[in-house]
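Have a look at the structure below, then the notes.
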Amino acid sequence: MISVKEIGNSFLHVLFPHVCSGCGSDILSEETMLCLRCMAQMPETNFHLHPDNPVEKIFWGRLPLVNATAQYYFSKESLMQHLMHQLKYKGNKDLGRQLGRLIGNDLVQTDRFNEIDSLIPLPLFPAKEKRRGYNQATVLCEGMAEVMGSEILKDVIVRNQHTETQTKKGRMERWQNMEGRFELVRPEKIQGKHVLLVDDIITTGATLEACGRELIHANNVKLSIAAYCYTSR
Ligand SMILES: [Zn+2]
């Protein structure tokens with residue numbers, strides 16, 4: 001016997017089809033943005049289980065971290081690139097939160113990441129965030145927080161746009177200008193805590209390093225890093 005609610009849902013589905021963010025095929029469950037076929041195709045790194053994984057190695061000798069990980073391997077023209085595009089440029093926040101939950105679910109199952117107090121999304125340049133309307137790292141944090149039970153801190157660190165001309169600067173300063181200057185404005189909010197800095201993708205780690213260097217100025221803070229994707233380029 002089909003209930004009135006089910007008939008209603010079917011009508012809604014015809015009027016507003018709910019499709020997979022990965023492949024565009026129809027999905028009936030409103031709770032997911034990804035079909036089972038796409039979910040099965042996502043190339044997990046399992047870095048969260050392994051100390052000395054390739055993401056941790058990126059930061060060796062550059063930034064003192066407790067742990068670091070990225071959830072999936074990124075490659076061009078792939079499902080992961082398509083999902084990244086949805087997350088960053090198409091405003092697909094429901095997908096972003098689901099990806100965050102997938103990351104968070106894995107992290108809480110290992111003792112390497114199960115004692116995180118605070119999630120800190122890597123700040124975008126303010127002008128960029130204004131244009132985009134959101135920070136994709138914050139959206140990932142929202143999904144992660146749902147399953148990790150950690151707070152999200154968005155006002156602890158800010159990213160400032162460079163203002164002076166870059167031509168007169170030395171190489172080091174030019175590099176800093178490209179990454180922007182991060183400024184720890186509320187150190188008291190993270191002192192004595194284990195914080196997880198979150199970004200969408202890790203490649204060279206330069207921006208995360210610049211941000212992390214500021215965060216560790218807080219008293220007695222422990223820093224870990226997590227991202228949605230990893231690529232060695
Ligand atoms: Zn799909």
Side-chain angles (χ1 to χ4, degrees), residues 55 58-59 62-71 74 84-93 95-97 99-100 103-104 107 113 116-146 148 150-164 166 172-219 221-231:
V55 169
I58 288 174
F59 296 99
R62 291 165 63 183
L63 184 66
L65 295 176
V66 181
N67 297 304
T69 186
Q71 188 79 355
F74 181 90
M84 183 73 78
H85 190 76
Q86 291 278 313
L87 170 66
K88 281 175 86 162
Y89 307 111
K90 296 288 175 184
N92 195 340
K93 294 185 199 172
L95 170 69
R97 282 185 281 266
L99 295 172
I103 299 167
L107 297 192
F113 289 94
I116 299 290
D117 299 299
S118 319
L119 303 172
I120 298 185
L122 185 100
L124 292 174
F125 288 116
K128 194 174 211 178
E129 180 162 354
K130 205 171 170 205
R131 223 179 311 131
R132 188 170 294 174
Y134 62 99
N135 177 349
Q136 69 275 10
T138 304
V139 178
L140 289 171
C141 284
E142 287 168 4
M144 291 166 75
E146 281 179 42
M148 296 176 76
S150 321
E151 61 181 351
I152 303 173
L153 297 176
K154 288 183 274 191
D155 57 353
V156 166
I157 191 157
V158 293
R159 189 173 186 176
N160 299 315
Q161 204 94 34
H162 57 83
T163 44
E164 298 131 294
Q166 295 195 8
M172 190 63 189
E173 269 189 280
R174 268 205 305 275
W175 175 79
Q176 284 175 335
N177 272 342
M178 269 166 63
E179 303 309 329
R181 292 219 170 83
F182 291 93
E183 192 185 342
L184 182 61
V185 287
R186 303 289 301 276
E188 72 283 359
K189 280 191 143 185
I190 56 169
Q191 68 179 14
K193 290 183 176 173
H194 187 180
V195 302
L196 185 63
L197 178 60
V198 176
D199 198 7
D200 49 10
I201 189 162
I202 295 179
T203 308
T204 64
T207 315
L208 284 160
E209 181 190 349
C211 184
R213 274 177 194 272
E214 276 298 303
L215 288 173
I216 56 173
H217 287 149
N219 276 335
V221 72
K222 288 191 282 182
L223 178 65
S224 289
I225 283 177
Y228 158 54
C229 280
Y230 162 72
T231 175

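Reckoned from all heavy atoms, side chains included, excluding hydrogens, waters and symmetry mates.
The side-chain contact (heavy atoms from CB on, under 4.5 Å) search around N219 returns Q191, not counting sequence neighbours. With sequence neighbours excluded, no residue satisfies salt bridge (charged side-chain N to carboxylate O under 4.0 Å, His left out) with E214. For Y228, the ring pair (Phe, Tyr, Trp, His ring centres under 6.0 Å) partners are Y72, not counting sequence neighbours. Among residues two or more places apart in sequence or in another chain, the salt bridge (charged side-chain N to carboxylate O under 4.0 Å, His left out) test is passed with R132 by none. The ring pair (Phe, Tyr, Trp, His ring centres under 6.0 Å) search around H217 returns none, not counting sequence neighbours. With sequence neighbours left out, Q86 forms a side-chain hydrogen bond (donor to acceptor under 3.5 Å, both in side chains) with N92. Taking A218 as the reference, L184, P187, I190, V221 meet the side-chain contact (heavy atoms from CB on, under 4.5 Å) condition, with sequence neighbours excluded. Scanning for ring pair (Phe, Tyr, Trp, His ring centres under 6.0 Å) contacts around Y230 gives F47, with sequence neighbours left out. Take E146 and apply the salt bridge (charged side-chain N to carboxylate O under 4.0 Å, His left out) test, not counting sequence neighbours, and it matches R101. Applying the side-chain hydrogen bond (donor to acceptor under 3.5 Å, both in side chains) test to K222 and every residue at least two apart in sequence or in another chain returns nothing. With sequence neighbours left out, the side-chain hydrogen bond (donor to acceptor under 3.5 Å, both in side chains) criterion links S224 to H194.
Here the straight-line distance linking atom CG of L197 with atom CD of E209 works out to 12.0 Å at 0.5 Å rounding. Distance check: Q136 CD to Y89 OH gives 7.5 Å after rounding to the nearest 0.5 Å. The line from CD1 of I103 to CG of L99 is 6.5 Å long, rounded to the nearest 0.5 Å. Atom CD1 of I157 and atom NZ of K189 lie 13.5 Å apart (nearest 0.5 Å). Note that OG1 of T138 and NZ of K93 are 9.5 Å apart. Values are rounded to the nearest 0.5 Å. Annotation: the span from S150 atom OG to I116 atom CD1 amounts to 6.5 Å, rounded to 0.5 Å.
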**Message:** What verdict does the side chain to side chain contact (heavy atoms under 4.5 Å, CB included) test give for I58 and L208, after you've listed the backbone C-alpha separation in whole Å, the side-chain angles of each residue and the deciding distance to 0.1 Å?
**Reply:** CA-CA 11 Å; I58 288 174; L208 284 160; over 6 Å; no

**Request:** Kindly indicate, with the supporting measurements, whether the criterion side chain to side chain contact (heavy atoms under 4.5 Å, CB included) is fulfilled by L119 and L140.
**Result:** CA-CA 10 Å; L119 303 172; L140 289 171; over 6 Å; no

**Request:** I would like to know whether I202 and I225 meet side chain to side chain contact (heavy atoms under 4.5 Å, CB included); could you show each step before the answer?
**Result:** CA-CA 10 Å; I202 295 179; I225 283 177; 3.8 Å; yes

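Looking at I120 and L153, their side chains come closer than 4.5 Å, going by heavy atoms from C-beta outward. Side chains of L223 and L63 form a contact here, defined as non-hydrogen atoms less than 4.5 Å apart. Taking the side chain as every heavy atom from C-beta outward, L107 and L196 approach each other to under 4.5 Å. By the 4.5 Å heavy-atom criterion applied to side chains, I201 and T203 are counted as neighbours.
Among residues at least two apart or in separate chains, salt bridge (Lys or Arg N to Asp or Glu O under 4.0 Å) pairs with a member in residues 193-204 are K88-D200, E151-K193.
Taking 4.0 Å as the cut-off between side-chain N and carboxylate O, E129 and R131 do not count as a salt-bridged pair.
When all heavy atoms are compared, the tightest approach of P121 to K154 is CG-CG, 4.1 Å. Across every non-hydrogen atom of M148 and F113, the tightest pair is CE-O, 4.0 Å. The heavy-atom pair separating M144 from A226 by the smallest distance is CE-CB, 4.4 Å. Here the closest non-hydrogen pair linking Y134 and V139 is CD1-CG2, 3.9 Å.
The closest donor-acceptor contact from the side chain of R159 to the backbone of P123 lies under 3.5 Å.
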